[in-house]
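Any value given below was found using the heavy atoms of this structure, including those in side chains, with hydrogens, waters and symmetry copies removed.
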Amino acid sequence: MSLTVFLAFCILGCDFLLYVLFQWIYGEKHRNHARRSAARREKRRTLSGQEVGELSVIPFPQHPMQYRTGFF
């Protein structure tokens, strides 16, 4: 009986430590990402009510190879 309770507490302790680890790794990034998304969404709402100015085309980069992943 006491071995069963001890193992149950050990498993719960390991689960808690895994939960804390995942919150520490992913919690802050998700929160900052959510704030940026909300800011973008709010900016889009304010811009949608205004007159849209002149549309522009984004120029193609001069050296596109340096922007690719794995190019050094």
Side-chain angles (χ1 to χ4, degrees):
M1 171 71 180
S2 62
L3 181 64
T4 306
V5 172
F6 176 72
L7 289 176
F9 277 118
C10 287
I11 291 171
L12 286 174
C14 289
D15 288 341
F16 175 74
L17 288 176
L18 283 173
Y19 171 77
V20 169
L21 177 70
F22 275 87
Q23 286 297 317
W24 180 52
I25 292 174
Y26 298 113
E28 192 66 31
K29 291 179 185 175
H30 176 70
R31 203 173 315 142
N32 288 339
H33 178 70
R35 287 181 188 155
R36 280 192 306 242
S37 297
R40 262 190 250 125
R41 195 177 315 118
E42 187 63 33
K43 184 177 179 183
R44 206 176 309 128
R45 281 189 195 137
T46 58
L47 287 177
S48 65
Q50 299 173 353
E51 183 81 22
V52 177
E54 184 178 315
L55 296 177
S56 62
V57 177
I58 299 174
F60 194 77
Q62 294 292 332
H63 305 287
M65 285 297 292
Q66 69 184 4
Y67 298 110
R68 291 186 179 191
T69 307
F71 180 77
F72 297 106

Nearest 0.5 Å please: distance from the [atom1] atom of [X] over to the [atom2] atom of [Y].
| X | Y | atom1 | atom2 | result |
| --- | --- | --- | --- | --- |
| Leu3 | Met1 | CG | CE | 11.0 Å |
| Cys10 | Asp15 | SG | CG | 11.0 Å |
| Ile11 | Phe6 | CD1 | CZ | 10.5 Å |

Membership question, hydrophobic clusters at under 4.5 Å side-chain separation (ILVMFWY): are Trp24 and Phe22 in the same one? yes
Leu12 meets the side-chain contact (heavy atoms from CB on, under 4.5 Å) criterion, sequence neighbours left out, with none
